[in-house]
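Okay, structure first, notes after.
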Amino acid sequence: MNETDTSDPAALRAAMVSELLEDPITSEAVAAAFSVVPRHLFAPGEALEVAYDSNTPLVTKTDPDGTALSSVSAAHIQAVMLEQAQIEPGMRVLEIGSGGYNAALIAELVGPTGSVTSVDIDPEIVARAHTCLQVAGYGQVRVVRADAEHGVPECAPYDRIVVTVGAWDIPPAWIDQLTGRGRIVVPLRFAGLSRCIAFDRSGMGLVSHSYRLGGFVPMQGAGTYSESLVPITGEATLRLDGPHPEFDIPALREAMHSPSIERWSGAAFDLPDELELFVVTSAPSVPFLHAGQRLVDQGVFTPAVTYGTAVLVEGGSFAYRTKRENEKTDGWESGVYAYGPRAEAVADRYLTLLRRWAADHRRRDAARIEYLPTSTGAPPNGWYARKRRGVVAVTWP
């Protein structure tokens with residue numbers, strides 16, 4: 001892109017929309033909204049080419065150690081969620097987590113007969129979003145300071161609730177403030193991972209319409225959650241959400257420094273986010289293994305562990321997924337590395353999961369994800385994760 005283009009917001013905006021068309025933007029309405037909302041006005045001080053980079057989140061507030069507390073999400077993930085939401089003219093929409101830009105996009109989608117309410121717990125973020133919306137010409141958006149755990153009842157009910165912060169649970173107020181045919185799009189954390197899930201109402205609970213990969217700055221206030229971190233060594237850690245079973249850490253540490261075995265499934269490796277979801281919801285208490293680059297350089301682990309990889313643990317043995325090129329399996333084949341005295345057994349368990357997924361569930365939206373409030377009664381059969389106010393249940397039809 002030449003210098004003239006990078007100094008012209010309209011040209012940069014058009015280029016961003018062109019890049020987003022077809023994937024993830026698939027509707028004319030969402031494309032039109034992205035084409036008119038001036039993203040750079042919600043990122044004062046940022047270079048224009050940064051503001052209009054479709055994969056760059058724009059951090060608006062950090063804590064003293066530099067951790068992001070608030071941001072304008074990357075345009076790509078905003079487009080994903082707005083397509084999931086399927087917002088129509090005239091709808092009433094609640095946005096949880098204020099940045100301003102996404103609320104302006106929603107305002108374009110609901111049009112003059114709809115309404116948009118945006119809520120955030122941080123007074124600085126609320127003031128910033130309000131100012132940016134006014135400057136950009138979206139003064140009709142209502143920006144409210146409140147703990148989103150309670151929603152915004154005075155503007156309810158809502159046809160859509162779009163959550164732009166990472167949530168560990170779904171508060172009862174969100175469901176209560178949703179219309180009978182409403183939809184919640186939320187980056188929900190469970191089983192050690194996060195997915196942007198479009199939930200539709202189903203009786204007293206919610207059932208997934210679609211889900212996509214995506215993570216956000218964690219929610220503050222009453223909805224705050226914390227992870228469980230279980231160090232194996234100073235450079236290798238198991239990470240889980242919520243309570244965890246007891247691990248034999250000395251045995252795992254010993255296994256980690258013993259020779260590993262490598263086994264291959266003969267099954268295709270594809271759609272890694274879908275495969276990962278299947279693995280962690282098909283076995284009890286599957287943690288994620290994280291390790292530093294030094295252990296990779298020493299040959300203890302593969303680079304997958306630097307990002308975190310789902311690991312099956314059996315006593316003092318464990319296994320995690322890998323891949324290799326193989327034309328017979330559509331280009332890539334899945335496999336495992338396993339460690340410890342029961343390496344063969346835990347490798348076989350993992351390989352069985354890899355083969356089942358490739359044979360039966362190798363597609364988008366293969367899982368059915370439900371949220372069932374505690375008030376609905378006993379937990380469901382199959383895999384589920386307990387939350388404060390309910391359970392997340394995952395099945396693979």
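- By the neighbour-count criterion of 12 heavy atoms within 6.0 Å, atom CD of Q298 is densely surrounded, having more than that number from other residues, nucleotides or ligands.
- Listed by first and then second residue, the ring-ring contact (aromatic ring centres under 6.0 Å, His included) pairs that reach into residues 173-203 come to none, sequence neighbours excluded.
- Sorted by first and then second residue, the ring-ring contact (aromatic ring centres under 6.0 Å, His included) pairs with a member in residues 71-98 form an empty list; sequence neighbours excluded.
- Rounded to the nearest 0.5 angstrom, I96 CD1 and I161 CD1 are separated by 5.5 Å.
- Taking NE2 of H209 as the reference point, atom CD1 of I369 lies at 13.0 Å (rounded to 0.5 Å).
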Indicate every side-chain donor-acceptor pair of residues 302-315 with a distance under 3.5 Å to a residue at least two apart or in another chain.
{"residue": "T306", "atom": "OG1", "partner": "P303", "partner atom": "O", "Å": "2.7"}
{"residue": "E314", "atom": "OE1", "partner": "R349", "partner atom": "NH1", "Å": "3.2"}
{"residue": "E314", "atom": "OE2", "partner": "R342", "partner atom": "NE", "Å": "2.5"}
{"residue": "E314", "atom": "OE2", "partner": "R342", "partner atom": "NH2", "Å": "2.7"}

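- The same ILVMFWY cluster, assembled from side-chain heavy atoms under 4.5 Å apart, contains both L351 and L271.
- At a threshold of 4.5 Å between non-hydrogen side-chain atoms, the residues Q293 and E235 do not count as touching.
- Considering every non-hydrogen atom in both G221 and I121, the closest pair reads CA-CD1, 3.6 Å.
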Please table the atom pairs, donor to acceptor, closer than 3.5 Å between any side-chain atom in residues 102-117 and protein atoms at least two apart or in another chain.
{"residue": "N102", "atom": "ND2", "partner": "E95", "partner atom": "OE2", "Å": "3.2"}
{"residue": "E108", "atom": "OE2", "partner": "Y138", "partner atom": "OH", "Å": "2.6"}
{"residue": "T113", "atom": "OG1", "partner": "G90", "partner atom": "N", "Å": "3.4"}

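- Pairs passing the side-chain hydrogen bond (donor to acceptor under 3.5 Å, both in side chains) check and including a residue from residues 13-22, sequence neighbours excluded, read R13-Y52, E19-S54.
- The closest donor-acceptor contact from the side chain of R201 to the backbone of L178 lies under 3.5 Å.
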| request: Apply side-chain contact (heavy atoms from CB on, under 4.5 Å) to the pair R364 and D273, showing each step before the final yes or no. | output: CA-CA 10 Å; R364 286 289 176 203; D273 54 314; 2.6 Å; yes
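- Using a cut-off of 4.0 Å between Lys/Arg side-chain N and Asp/Glu carboxylate O, D270 and R363 are scored as not salt-bridged.
- Residues F288 and V279 share a single hydrophobic cluster, defined by chaining ILVMFWY side chains whose heavy atoms lie under 4.5 Å apart.
- Of the possible donor and acceptor atoms, none in the side chain of D169 sits under 3.5 Å from a partner among the backbone N and O of P171.
- The ring pair (Phe, Tyr, Trp, His ring centres under 6.0 Å) search around Y339 returns F301, F318, not counting sequence neighbours.
- Remark: the Q84 side chain and the R212 side chain contain no N/O donor-acceptor pair separated by less than 3.5 Å.
- Summarising the geometry of S317 relative to A343, their closest heavy-atom pair is OG-N, 3.9 Å, with the distance given to 0.1 Å.
- Qualifying ring pair (Phe, Tyr, Trp, His ring centres under 6.0 Å) partners for H361, counting only residues two or more places apart in sequence or in other chains: F278, W396.
- In this view, W383 satisfies the side chain to side chain donor-acceptor pair (under 3.5 Å) rule with no residue, not counting sequence neighbours.
- Distance CG/L238 to CG/L252: 6.5 Å, rounded to 0.5 Å.
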| query | Stepwise, does the salt bridge (Lys or Arg N to Asp or Glu O under 4.0 Å) test hold for E88 with R160? | reply | CA-CA 10 Å; E88 299 174 1; R160 298 289 187 268; 5.2 Å; no
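- The side chain to side chain donor-acceptor pair (under 3.5 Å) check on S73 picks up nothing, with sequence neighbours excluded.
- Put simply, the side chain of T374 gets close to the backbone of R389: a donor and an acceptor are under 3.5 Å apart.
- S210 places no side-chain N or O within donor-acceptor distance of the main-chain N or O of A198, the cut-off being under 3.5 Å.
- Smallest separation of non-hydrogen atoms from Y337 and S260: CD2-OG, 4.1 Å.
- To the nearest 0.5 Å, atoms NE2 (H130) and CD1 (I125) are separated by 14.5 Å.
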| request: Let me see the working for W357 and E274 under side-chain contact (heavy atoms from CB on, under 4.5 Å), right down to the final yes or no. | output: CA-CA 9 Å; W357 178 82; E274 291 278 356; 4.0 Å; yes
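- Here R39 does not pair with E46 in a salt bridge; the nearest charged N to carboxylate O distance is not below 4.0 Å.
- Not a single ring pair (Phe, Tyr, Trp, His ring centres under 6.0 Å) links W332 to another residue, sequence neighbours left out.
- Side-chain N or O atoms of E83 include one that pairs as donor or acceptor with a backbone N or O of T26 at under 3.5 Å.
- More than 12 heavy atoms of other shown residues, nucleotides or ligands fall within 6.0 angstrom of atom CD in E262.
- Smallest separation of non-hydrogen atoms from R253 and I232: NE-O, 2.8 Å.
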| task | Please step through salt bridge (Lys or Arg N to Asp or Glu O under 4.0 Å) for the pair D159 and R92, ending with a clear verdict. | result | CA-CA 5 Å; D159 301 291; R92 301 168 65 90; 5.8 Å; no
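- Remark: side-chain polar atoms of S194 are paired, donor with acceptor, to backbone N or O of G214 under 3.5 angstrom.
- Using modelled atom types, no side-chain atom of Y350 and backbone atom of A345 make a donor-acceptor pair closer than 3.5 Å.
- The closest side-chain donor-acceptor pair between E370 and S208, if any, does not fall under 3.5 angstrom.
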| task | Apply the test side-chain contact (heavy atoms from CB on, under 4.5 Å) to residues R195 and L188: give CA-CA distance (whole Å), side-chain angles for both, the deciding distance (0.1 Å), then the verdict. | result | CA-CA 6 Å; R195 292 293 182 268; L188 186 63; over 6 Å; no
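- Contact check on D241 versus R189 returns a salt bridge, with a Lys/Arg side-chain nitrogen under 4.0 Å from an Asp/Glu carboxylate oxygen.
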| Residue pair E149, R388: steps toward the salt bridge (Lys or Arg N to Asp or Glu O under 4.0 Å) verdict | CA-CA 12 Å; E149 179 83 0; R388 296 188 187 103; 5.8 Å; no
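- For the pair R355 (side chain) and S265 (backbone), a donor-acceptor distance under 3.5 Å is present.
- Other residues, nucleotides and ligands contribute at most 12 non-hydrogen atoms within 6.0 Å of the CG atom of N381.
- K328 and E333 are not joined by a salt bridge, as no carboxylate oxygen comes within less than 4.0 angstrom of a charged side-chain nitrogen.
- Taking T131 as the reference, nothing meets the side chain to side chain donor-acceptor pair (under 3.5 Å) condition, with sequence neighbours excluded.
- Smallest separation of non-hydrogen atoms from A366 and P397: O-CD, 3.5 Å.
- Criterion: ILVMFWY side-chain heavy atoms under 4.5 Å apart, direct or through other members. Under it, V185 and V152 are not part of a common hydrophobic cluster.
- The minimum heavy-atom distance linking Y371 with I170 is given by the pair OH-O, 3.3 Å.
- F42 meets the ring pair (Phe, Tyr, Trp, His ring centres under 6.0 Å) test with Y101; sequence neighbours excluded.
- Judged by distance alone, the side chain of K387 and the main-chain N or O of W168 form a donor-acceptor pair under 3.5 Å.
- Between the CD atom of Q78 and the SG atom of C196 there is a distance of 11.0 Å, given to the nearest 0.5 Å.
- At least one donor-acceptor pair closer than 3.5 Å links the side chain of T233 to the backbone N or O of A236.
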